[in-house]
Amino acid sequence: MYDYHTHTNFSEDGHAPMAEMVYAAIKIGLKEIAITDHYDPDYPDPNWPSDLDLISYHKEMEETSFRYKEKIKLIKGIEIGIQHGKTLDKCRKVVTSYDYDFVLGSFHCAQGFDLAFGGFFDHRSVEEATVAFYQYNYDCLSVYDDYDVLGHINVVD
């Protein structure tokens, strides 16, 4: 069994230290675990920090991978928040700045709105929001392909 979408305490929504998470994966019998903490530049909610301390993150992945190399394969990854415009340049720069094994490209926002709480659905029908979301996905992905797997490509209201 494998888990390729995990967040440590490097992400706002993660709580476990990386080594603790990897150790727990070993205990339950995982063969591989990808650490994919959030890099979500230009996230529209100022109360949800989405910067990632890349130097510390990379160092921790290297140390944790070495520490547990005989027990589990640690996939060095990142989850990038795909958004339009200059955000894509920031994502591209980060993705190419380190030798990641796995890049999860996700849509947490669309048209400058946080999809969970940011008003994307305000003043739109479900049908209009769905069409707008998938058009936004298409527009971003037609100019950006620095990812291995797409995540969060659904709209939930």
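Close placement of the Y98 and H58 rings is indicated, their centers lying within 6.0 Å of each other. In summary, the aromatic rings of H7 and H15 are positioned with their centroids too far apart to meet the 6.0 Å limit.
The OG1 atom of T8 lies 10.0 Å from the NE2 atom of H38; values are rounded to the nearest 0.5 Å. A distance of 5.5 Å separates CG of L115 from CZ of F133, quoted to the nearest 0.5 Å. Note that the CZ atom of F10 and the CG atom of L54 stand 9.5 Å from one another [nearest 0.5 Å]. Once rounded to the nearest 0.5 Å, the distance linking SG of C140 with CD1 of I82 reads 7.0 Å. With rounding to the nearest 0.5 Å, the separation of NE2 in H108 from NE2 in H152 is 3.5 Å. Residue D99 holds its CG atom at 10.0 Å from CE of M61, rounded to the nearest 0.5 Å.
The neighbour count for Y4 OH, taken as heavy atoms of other residues, nucleotides or ligands under 6.0 Å away, is above 12. Around the CG atom of D13, the shell of radius 6.0 Å holds more than 12 heavy atoms that belong to other residues, nucleotides or ligands. Applying the 6.0 Å contact sphere to CD1 of I55 captures no more than 12 heavy atoms from other residues, nucleotides or ligands.
Looking at heavy atoms from C-beta onward, E79 lies out of side-chain contact with Y39 at the 4.5 angstrom threshold. Between D37 and N9 there is no side-chain heavy-atom pair separated by less than 4.5 Å. A heavy-atom distance below 4.5 Å is not found between the side chains of I26 and L30. Here the side chains of I153 and N137 are in contact, with some heavy-atom distance below 4.5 Å. Within the 4.5 Å cutoff, the side chain of F66 has no heavy atoms near those of the L74 side chain. Looking at heavy atoms from C-beta onward, I35 lies out of side-chain contact with I75 at the 4.5 angstrom threshold. In this structure, M18 and Y57 have side chains that are in contact, with non-hydrogen atoms separated by less than 4.5 Å. At a threshold of 4.5 Å between non-hydrogen side-chain atoms, the residues L52 and D40 do not count as touching.
Transitive grouping of hydrophobic side chains (ILVMFWY, heavy atoms separated by less than 4.5 Å) keeps Y138 and Y134 in distinct clusters. Both L141 and F120 belong to a single network of hydrophobic side chains, linked directly or stepwise wherever heavy atoms of I, L, V, M, F, W or Y lie under 4.5 Å apart. Using a 4.5 Å cut-off between side-chain heavy atoms of Ile, Leu, Val, Met, Phe, Trp and Tyr, with links allowed through other members, V94 and L150 fall into the same hydrophobic cluster. Under the 4.5 Å side-chain contact rule for hydrophobic residues, I28 and V22 share a cluster.
Remark: D139 pairs with Q135 by the side chain to side chain contact (heavy atoms under 4.5 Å, CB included) rule, at least two apart or across chains.
In terms of heavy atoms, L104 sits closest to G151 at CD1-N, 4.0 Å. Residue H5 comes nearest to T36 through the heavy atom pair CA-OG1, 3.4 Å, listed as atom of the first residue, atom of the second, then distance. Taking all atoms of both residues into account, the shortest heavy-atom contact from A129 to F121 is CB-CD2, 3.6 Å. Residue D114 comes nearest to C109 through the heavy atom pair CA-SG, 4.1 Å, listed as atom of the first residue, atom of the second, then distance. The heavy-atom pair separating Y100 from V95 by the smallest distance is CD1-O, 3.6 Å. For the residue pair T64 and A19, the shortest heavy atom distance occurs at CG2-CA, 4.0 Å.
H84 and Y136 have perpendicular rings, their planes meeting at more than 60° on a 0 to 90° scale where under 30° would count as parallel.
A donor-acceptor pair is defined here as one N or O able to donate and one able to accept, closer than 3.5 Å; no such pair exists between the side chain of E62 and the backbone of K59. Panel note: side chain D148, backbone V103; a donor-acceptor pair is recorded below 3.5 Å. Within the 3.5 Å criterion, the main-chain N or O of G14 finds no donor-acceptor partner in the side chain of S11.
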**OP:** Apply side-chain contact (heavy atoms from CB on, under 4.5 Å) to the pair Q83 and L88, showing each step before the final yes or no.
**Re:** CA-CA 6 Å; Q83 292 189 63; L88 295 178; 5.8 Å; no
Original post:
Passes side-chain contact (heavy atoms from CB on, under 4.5 Å), Y144 versus T87? Steps please.
Top reply: CA-CA 11 Å; Y144 186 81; T87 303; over 6 Å; no
Original post:
Passes side-chain contact (heavy atoms from CB on, under 4.5 Å), S106 versus Y147? Steps please.
Top reply: CA-CA 9 Å; S106 294; Y147 60 90; over 6 Å; no
Original post:
Taking it one step at a time, do V126 and T130 satisfy side-chain contact (heavy atoms from CB on, under 4.5 Å)?
Top reply: CA-CA 6 Å; V126 171; T130 301; 4.1 Å; yes
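Contact check on K76 versus D101 returns no salt bridge, with no Lys/Arg side-chain nitrogen under 4.0 Å from an Asp/Glu carboxylate oxygen. For the pair R67 and E63, the salt-bridge criterion is not met [side-chain N within less than 4.0 Å of a carboxylate O].
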